[in-house]
Amino acid sequence: MRWLLHLDMDQFIVAVEVLRRPDLAGKPVVVGGDGDPSRPRQVVASASYEARAFGVRSGMPLRTAARRCRDAVFLATDHAAYDAASATVMDTLRSFDVPVEVWGWDEAYFGGDVADPFRLAREVRAAVLAATDLSASIGIGENKLQAKIAAQYAKPGGIFQITFGSWPGLMSERPVSALWGVGPKTAKKLDALSLRTVGDLAACDPAVLLPVFGPRMTAWLPAAAAGHGDVSLSTEPWVARSKSRETTFPTDLTDPSLVASHVAELAAGLTSEVVLDGRLVTHVAVKVRFAPFFTYLRSMKLREGATADPSVVSAAALLVLEKFALDRPVRLLGVRVDLLLPGVGDGEGAVGATGGD
DNA sequence: TCTGGGGTCCTAGGACCC
DNA sequence: TCTGGGGTCCTAGGACCC
C-alpha cells in the first residue's frame, strides 16, 4: 500500500537555538530579526510553545511579542545555523530506503510503497532525534494533503495517520482555512458563498465556485475538501526559479540616489551569488514599498538574453527602477532575479525564427 | 498586532503576430 | 475596409506557504 509521510520539525528555529542554549529549554523564547524587540520593523520568525501560550505568533512585530510576553528571551535569526541543522535532518531522512522530497528547512515528504508506515515513522523520528537532538512530528496519509494535516495532529513529537476513511470525521467541521492552500482571501470568498467548513466545501456544487474562482481552483477546492491530494514524490533536487533579497530600512529612505545605489547593489550582489551556482539571470524585478505601506513590483525581461554579468543586471534593475515615481519615502527595497532553468535554452541567439507563412 | 524575508504558482490584460 | 479568431509573449498583481 502506498503511504505518504510528512515530517515536520517541532518549533524548528527555536529548537535549534535551544540546542546552543540549553538553559533556555522550557522558557518562552522568541526568534526574529536582530533579536532586539525595542527596534521597530522586525517580526517574529518562530516562538517556543511557552511563548505561544502568551499569544506570541510568528509574523507578529517583535515589539508586540515583547508586550505580550515580558519574560521572553529574544534571539536574532541565524540562517546558517538552521541550514546546517536542516541538512542533518534531511540527510538522516535520506538514509532510509524511501524517496524523500524536501519542503523547506523543516519539512519533508517521504514514503511510498511501505508495508508499515507507523514503524517507518517511529524509526525516522528516532533517527532524527538521535542525529540532531531535535523533535519531529510525523503525519501519515494516503496523499500529501492528508499527511501534512496529519502532522499537525501529531504535534508535538507524535505520529498521526489520516485516511480517506477518517478524513470526514476529522475535517468536516473544521474551517476551510485548515486546508493547505486555502488562505484568508480564499476563506473570505468562500464565506460569502456560505461555505465555511471543509464539509460545506466538499459537498458544494462546483458551479457556485466557478464565477468566483478560476477553473483550476474550482476543480481543486472541492477535491481538497474531500481529502484528495498529490501522491507523487519527487526526489529531484530543488532548483530555484528565482532569488531575491529585500531590505526594510529602520528609517525611510528619501534620497533617490541612495535608492538607486541600493537597488544596483542588490541586483549585482544577487547575480554574483547565482552565478556561483552556475545559473544565469533572465529577468529582474524591483520591489518598492513606500511609507506607510504601499508595495509595488515592476519587472523586465533582460533584452540581451540570459546573463551572468552583474553589471548588466544592475543596469537593468536601474531601468526597472525608473518605472517608479520616487516621490515618497521608501520603506523597503527589494530585487528579484529570475533564473534560466538549467538545460533550457533561452532562445536568444538561436537561429533565425524568421518563420512566416 | 504600524505590519520581515524568501520563495512558488496562477491569472488577467495588453501587445503583437498570422 | 471599422472588423474575426486564434496564439504567444510580457508584465502586473494576487494568493499562498514557510
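This one's a predicted model, so the numbers in the text were calculated from it and none came from an experiment. Order of the sequence lines sets the chain letters (A, B, ...), proteins ahead of strands, with each chain counted from 1.
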Please classify the nucleic acid contact of [X] as base, sugar-phosphate, or nothing, using heavy-atom distances under 4.0 Å.
{"X": "A/T77", "value": "nothing"}
{"X": "A/V182", "value": "sugar-phosphate"}
{"X": "A/R57", "value": "nothing"}
{"X": "A/G183", "value": "sugar-phosphate"}
{"X": "A/G33", "value": "nothing"}
{"X": "A/S58", "value": "nothing"}
{"X": "A/W105", "value": "nothing"}
{"X": "A/W220", "value": "nothing"}
{"X": "A/M300", "value": "sugar-phosphate"}
{"X": "A/A240", "value": "sugar-phosphate"}
{"X": "A/K188", "value": "nothing"}

Thinking salt bridges, do [X] and [Y] make one under a 4.0 Å N-O criterion?
{"X": "A/D191", "Y": "A/R196", "answer": "yes"}
{"X": "A/E101", "Y": "A/K144", "answer": "yes"}
{"X": "A/D252", "Y": "A/R41", "answer": "yes"}

Closer to the 5' end of DNA chain B via nearest nucleotide, is it A/P61 or A/R336?
A/P61
Result for 5'-nearest mapping on DNA chain B, choosing between A/P292 and A/V239, is A/P292
Just how far, in rounded Å, is [atom2] of [N] from [atom1] of [X]?
{"X": "A/L297", "N": "C/dG14", "atom1": "CG", "atom2": "P", "result": "11 Å"}
{"X": "A/F213", "N": "C/dG14", "atom1": "CZ", "atom2": "P", "result": "16 Å"}
{"X": "A/F294", "N": "C/dA12", "atom1": "CZ", "atom2": "C1'", "result": "18 Å"}
{"X": "A/R41", "N": "B/dG4", "atom1": "CZ", "atom2": "C1'", "result": "12 Å"}
{"X": "A/L332", "N": "B/dT3", "atom1": "CG", "atom2": "P", "result": "13 Å"}
{"X": "A/M90", "N": "C/dC18", "atom1": "CE", "atom2": "P", "result": "13 Å"}
{"X": "A/D83", "N": "B/dG7", "atom1": "CG", "atom2": "P", "result": "11 Å"}
{"X": "A/L7", "N": "C/dC18", "atom1": "CG", "atom2": "P", "result": "14 Å"}

Determine the interatomic distance between C1' on C/dG4 and the same-named atom on B/dC17; round to the nearest Å.
14 Å
Are A/W180 and the base of C/dC17 stacked, counting only ring centres nearer than 5.5 Å and planes tilted under 30°?
no
Which of the following nucleotides, [options], is nearest to the side chain of [X]?
{"X": "A/R241", "options": "B/dC9, C/dA12, B/dG4", "answer": "B/dC9"}
{"X": "A/T64", "options": "B/dG6, B/dC2, C/dC18", "answer": "B/dC2"}
{"X": "A/R303", "options": "C/dC16, C/dT11, C/dA12", "answer": "C/dT11"}
{"X": "A/E246", "options": "C/dT11, B/dG6, B/dC2", "answer": "B/dG6"}

With a cut-off of less than 4.0 Å, is there a side-chain N or O of [X] near OP1 or OP2 of [N]?
{"X": "A/R289", "N": "B/dT3", "answer": "no"}
{"X": "A/S244", "N": "B/dG7", "answer": "yes"}
{"X": "A/K323", "N": "C/dT11", "answer": "no"}
{"X": "A/R216", "N": "B/dC10", "answer": "yes"}
{"X": "A/S299", "N": "C/dA12", "answer": "yes"}
{"X": "A/T248", "N": "B/dG5", "answer": "yes"}
{"X": "A/K243", "N": "B/dG7", "answer": "yes"}
{"X": "A/S242", "N": "B/dT8", "answer": "yes"}
{"X": "A/R63", "N": "B/dG4", "answer": "no"}
{"X": "A/K148", "N": "C/dC18", "answer": "yes"}
{"X": "A/R245", "N": "B/dG6", "answer": "yes"}

If pairing means Watson-Crick or G-U wobble with both distances under 3.5 Å, then the partner of C/dA15 is B/dT8
So, do A/H228 and A/W167 have ring centers that fall under 6.0 Å from each other?
no
May I ask you to decide if the ring planes of A/F12 and A/W105 are parallel, tilted or perpendicular, using 30° and 60° as cut-offs?
tilted
Is there a side-chain contact between A/L19 and A/L134, using heavy atoms and a 4.5 Å cut-off?
yes
Using the six-membered ring of A/F213, assess whether NZ or CZ of A/R216 lies under 6.0 Å from its centre and within 45 degrees of the ring axis.
no
Donor-acceptor contact below 3.5 Å, side chain A/D8 vs main chain A/Q152:
no
